[in-house]
**Q** 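Quick one: this structure, given as structure tokens, is what I'll be asking you about.
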Amino acid sequence: MKILDRYIVISEKVPAEITISDKEEEYLNTYDLKQVKFSKATELMLQHLKEMVIGNVDIKVSEILDPNEVENIKRKFREKAQEFVDKEVTDASTKEKEILIGKLIHDMLGLGELELLLADNELEEIVVNSSKEPVWVYHKRFGWLKTNIALKSEEQIANYASIVGRRVGRQITNLNPLMDAHLTTGDRVNAVVFPISTKGNCITIRKFAKNPWTIVHMLDPSIKTVNIDIAALLWMCIQYEMNMLISGGTASGKTSFLNAILVFTPPNQRVISIEDTRELYLPEFLHWTPLTTRLPNPEGKGEVTMLDLMVNSLRMRPDRIVLGEMRRQREAEVLFEAMHTGHAVYATLHADDARQTKNRLITPPINLPESMLGALHLIVVQYRQRRTGIRRTFEVAEMVSQDNKAFVNKIFSWNAREDRIEKVGDYVRLMDELTLFTGMTKKEIDSEMEERKKVLDYMLKNKICNVNEVGKVVGAFYRDKEKLLETIKKSSESKTTKSKSG
């Protein structure tokens, strides 16, 4: 057996050791979670304590259904659990008591052992296929792994799905066997019950990035999703309100990339985002209103669709409209209408390259007239190589309109052999429009690009990668560009002097 990695995760003060191994007897790498084992007597005591805590904590139904009350409920349970543990478990250390209380919270308010997987920031996906097989996880570095965790029964899986659904006002039953929901942490949850899922009840959790990737992460040489030329170009395009589509395959990083470039939005403009499940996370000081859709209740009432939100958003005086994912014709029509009426618009779309993106827009189910595509300026395509897990900006292309026809003009493309993003074409439209709307010459635009590269390089070298910190630097650039560039220059000179004296 070869150990590939080993680290600790902690959830509610319950620690667990994670070991990722390459075992000869297995066809793929494994994910072993080792946690504190309790004796049979302690297990019985835990069950007894659970009943005592549940019977003595006063919680209203409205509190359970309110996502803002989660921490308050946890606090109430923790206090009551502490009281009973101190009284009933007299021979345990403080640390052992904390672990017992954490386990009680996992079982009573969470998803049991799955809570430790949810605490692992290296995981992107957690999958329960049935009670007859282990839980699977998708690791950021090692891809799909089989775990040593299995849920006890199909009833337990169904119960977890029901708990998640109730918290966000959704139901999963034999009559409604499919459910899309989210945890209070923002993690997306999809559930399918037997017999629709023929192996057994199934839960898929896509983890929400607690610290979302920023453009600085993507520029990092160890990750190199995008290069600094594209990043500076997209900054210019966001600032000067060019419309943009981010396309790519499943899990190629479309939403993460969209989130990263939206940080370039000027702070004095209002952003309205529309998603099925909240995934975007912008700097807290931006003027941003996130909206999410809602499914109908069991009586078929109360549904709020993406189209409803898009139409409504136009009445909210937005400067920028962001659509989580474009899927249907009416959504696309409203979105392109918003482009034509002067709003800056950004969205994601499933397509593998820029030409396929254009074809998806003009064929069913979206089926837009080709003449409408002239309102779209840029297509950025994201790519994930399944074998290695790397993500790259695959293409950057302009949408050029002529005689009611739309043409894709590719500017940047990823060279797979060299693993490098290369400039493969000249601008046909972007530079002309930037000149027209900014009054700058081509030379001045190039100078602006260089200034943005300096700022991006400064953040990269100084490891400024938190979404709020990156947002503050971008905000400082808009507020007083000369002052920021002078600060960057002094910082660079100071480091040069120190390195020479050292």
**Q** Are Asp120 and Tyr7 linked by a side-chain donor-acceptor pair shorter than 3.5 Å?
**A**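 The answer is yes; a qualifying pair exists.
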**Q** Measure across Ala375 and Asn243 and return the closest heavy-atom pair with its distance rounded to 0.1 Å.
**A**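 Scanning both residues, the minimum pair turns out to be O-ND2, 2.8 Å.
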**Q** Quick one: does Val455's side chain get under 4.5 Å of Leu485's, heavy atoms only?
**A** yes
**Q** Salt bridge or not for Arg188 and Asp276, using N-O below 4.0 Å?
**A** no
**Q** How far does CG of Leu118 sit from OG of Ser11, to the nearest 0.5 angstrom?
**A** 8.0 Å
**Q** For the side chain of Asn312 and the backbone of Leu309, is there at least one donor-acceptor N/O pair under 3.5 Å apart?
**A** no
**Q** Would you say Arg391's side chain and Ala251's backbone share a donor-acceptor pair under 3.5 angstrom?
**A** yes
**Q** Just wondering, more than 12 heavy atoms not from Lys199 lying within 6.0 Å of its NZ?
**A** no
**Q** Give a yes or no on whether the backbone of Gly249 and the side-chain of Lys254 come within a donor-acceptor separation of less than 3.5 Å.
**A** yes
**Q** Counting distance only, does the side-chain N/O of Glu398 pair as donor-acceptor with the main-chain N or O of Arg429 below 3.5 Å?
**A** yes
**Q** Is the closest side-chain donor-acceptor distance between Glu275 and Thr293 under 3.5 Å?
**A**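 Checked: Glu275/Thr293 side chains show no N/O donor-acceptor pair below 3.5 Å.
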**Q** Quick test of your reading: applying salt bridge (Lys or Arg N to Asp or Glu O under 4.0 Å), list the pairs with at least one residue in residues 434-445, sequence neighbours left out, ordered by first then second residue.
**A** Lys442-Asp446
**Q** Side chains of Leu233 and Met449: does their closest heavy-atom pair fall under 4.5 Å?
**A** yes
**Q** Atom CD1 of Ile366 and atom CE of Met326: how far apart are they, to the nearest 0.5 Å?
**A**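 The CD1 atom of Ile366 sits 6.0 Å away from the CE atom of Met326.
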**Q** With a cut-off of 6.0 Å (strictly less than), are more than 12 heavy atoms of other residues, nucleotides or ligands near CZ of Arg317?
**A** no
**Q** One pair to check against side-chain contact (heavy atoms from CB on, under 4.5 Å): Thr255 and Leu280. What are the steps and the verdict?
**A** CA-CA 7 Å; Thr255 305; Leu280 294 173; 4.0 Å; yes
**Q** Under the side-chain contact (heavy atoms from CB on, under 4.5 Å) test, which residues partner Leu178, sequence neighbours left out?
**A** Val192, Ile196
**Q** Applying salt bridge (charged side-chain N to carboxylate O under 4.0 Å, His left out), run through Arg206 and Glu279 and close with a yes or a no.
**A** CA-CA 10 Å; Arg206 174 166 291 184; Glu279 289 184 272; 5.2 Å; no
**Q** Measuring from Thr357:OG1 to Leu361:CG, what's the distance to the nearest 0.5 Å?
**A** 7.0 Å
**Q** What closest approach, in Å, do Glu284 and Asn468 show between heavy atoms, and which atom pair accounts for it?
**A**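 Heavy atoms of Glu284 and Asn468 come nearest at N-OD1, 2.8 Å.
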**Q** Just wondering, do Val127 and Tyr138 contact through their side chains at under 4.5 Å, heavy atoms?
**A** no
**Q** Roughly how far, to the nearest 0.5 Å, is the OG1 atom of Thr30 from the CZ atom of Phe142?
**A** 11.0 Å
**Q** About how many Å separate CG of Asp5 and CD1 of Ile18, when rounded to the nearest 0.5 Å?
**A**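 Reported to 0.5 Å precision, the distance equals 10.0 Å.
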**Q** Do the side chains of Asn29 and Asp22 get nearer than 4.5 Å, heavy atoms only?
**A** yes
**Q** Residues two or more places apart in sequence or in another chain: which of them pass side-chain contact (heavy atoms from CB on, under 4.5 Å) with Lys483?
**A**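 Partners of Lys483 by the side-chain contact (heavy atoms from CB on, under 4.5 Å) criterion, ordered by chain and then number, come out as Asp480.
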**Q** Determine, step by step, whether Tyr478 and Gln239 satisfy the side-chain contact (heavy atoms from CB on, under 4.5 Å) criterion, reporting the C-alpha distance in whole Å, the side-chain angles of both residues, the deciding distance to 0.1 Å, and the verdict.
**A** CA-CA 9 Å; Tyr478 288 131; Gln239 180 179 351; 3.3 Å; yes
**Q** Kindly say whether Ile488 contributes a backbone atom to a donor-acceptor pair with the side chain of Ser492 at under 3.5 angstrom?
**A** no
**Q** Give, for atom CG of Asp457 and atom CD1 of Ile228, the distance between the pair rounded to the nearest 0.5 Å.
**A** 5.0 Å
**Q** State whether the side chain of Thr198 and the backbone N or O of Pro195 hold a donor-acceptor pair below 3.5 Å, judged by distance alone.
**A** no
**Q** If you compare all heavy atoms of Ala476 against all heavy atoms of Leu484, which two are closest, and at what distance to 0.1 Å?
**A** C-CD2, 4.3 Å
**Q** Is it the case that more than 12 heavy atoms not belonging to Lys461 sit under 6.0 Å from its NZ atom?
**A** no
**Q** For residues 344-367, which residue pairs qualify under salt bridge (Lys or Arg N to Asp or Glu O under 4.0 Å), counting only residues two or more places apart or in two chains?
**A**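 Of all non-adjacent pairs touching residues 344-367, those that pass salt bridge (Lys or Arg N to Asp or Glu O under 4.0 Å) are Lys358-Glu370.
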**Q** Would you mind reporting whether Leu28 and Leu145 have side-chain heavy atoms less than 4.5 Å apart?
**A** no
**Q** Hey, mind stepping through His350 and Arg327 against side-chain contact (heavy atoms from CB on, under 4.5 Å) and telling me if it holds?
**A** CA-CA 8 Å; His350 277 278; Arg327 297 192 194 94; over 6 Å; no
**Q** Which residues satisfy the side-chain contact (heavy atoms from CB on, under 4.5 Å) test with Thr487, sequence neighbours excluded?
**A**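 So Thr487 forms no side-chain contact (heavy atoms from CB on, under 4.5 Å) with any residue.
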**Q** So that I can tick it off, tell me whether Lys454 and Glu451 are bridged by a salt bridge, with the cut-off set at under 4.0 angstrom between side-chain N and carboxylate O.
**A** no
**Q** Is there a side-chain contact between Leu378 and Met242 (heavy atoms, below 4.5 Å)?
**A**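 The answer is no, as the side chains (C-beta and beyond) never meet within the 4.5 Å cut-off.
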**Q** If you count heavy atoms of other groups shown closer than 6.0 angstrom to NZ of Lys405, is the number above 12?
**A** no
**Q** Any donor-acceptor pair under 3.5 Å linking the side chain of Arg278 with the backbone of Thr292?
**A** no
**Q** Looking only at heavy atoms, what is the nearest atom pair of Ala231 and Leu456, with distance?
**A** CB-CD1, 3.7 Å
**Q** Is there a donor-acceptor pair under 3.5 Å between the side chain of Asn201 and the backbone N or O of Glu154?
**A**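 A pair under 3.5 Å: yes.
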**Q** So do the side chains of Ile215 and Trp235 get within less than 4.5 Å of each other, counting heavy atoms only?
**A**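 SC-SC contact between Ile215 and Trp235 ruled out.
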**Q** If you take all heavy atoms of Thr214 and Asn466, which pair is closest and at what distance?
**A**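 Where Thr214 meets Asn466 most closely, the heavy atoms are CG2-C, 4.0 Å.
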**Q** Over all heavy atoms of both residues, which pair between Glu133 and Trp136 is shortest? Give the atoms and the distance, please.
**A** OE2-NE1, 2.9 Å
**Q** Looking at side-chain heavy atoms only, is the closest gap between Ile421 and Asp229 below 4.5 Å?
**A** no
**Q** Apply side-chain contact (heavy atoms from CB on, under 4.5 Å) to the pair Asp426 and Lys423, showing each step before the final yes or no.
**A** CA-CA 8 Å; Asp426 294 320; Lys423 193 165 189 288; 3.6 Å; yes
**Q** Could you tell me whether the side chain of Lys207 and the main chain of Glu122 form a donor-acceptor pair under 3.5 Å?
**A** no
**Q** Does the salt bridge (charged side-chain N to carboxylate O under 4.0 Å, His left out) test come out yes or no for Glu486 and Lys489, once each step is laid out?
**A** CA-CA 5 Å; Glu486 186 61 32; Lys489 185 181 175 185; 5.0 Å; no
**Q** Extract all donor-acceptor atom pairs below 3.5 Å that involve side chains of residues 259-270 and protein atoms in other chains or at least two apart in sequence.
**A**
{"from": "Asn259", "atom 1": "OD1", "to": "Tyr281", "atom 2": "N", "distance (Å)": "2.5"}
{"from": "Asn259", "atom 1": "ND2", "to": "Tyr281", "atom 2": "O", "distance (Å)": "3.0"}
{"from": "Thr265", "atom 1": "OG1", "to": "Leu262", "atom 2": "O", "distance (Å)": "2.6"}
{"from": "Gln269", "atom 1": "OE1", "to": "Arg320", "atom 2": "NE", "distance (Å)": "2.6"}
{"from": "Gln269", "atom 1": "OE1", "to": "Arg320", "atom 2": "NH2", "distance (Å)": "2.7"}
{"from": "Gln269", "atom 1": "NE2", "to": "Glu241", "atom 2": "OE2", "distance (Å)": "3.3"}
{"from": "Arg270", "atom 1": "NH1", "to": "Met316", "atom 2": "O", "distance (Å)": "2.5"}
{"from": "Arg270", "atom 1": "NH2", "to": "Thr289", "atom 2": "OG1", "distance (Å)": "3.1"}

**Q** Evaluate side chain to side chain donor-acceptor pair (under 3.5 Å) for Thr435 paired with Asp432, printing each intermediate quantity in order.
**A** CA-CA 5 Å; Thr435 301; Asp432 287 346; 5.5 Å; no
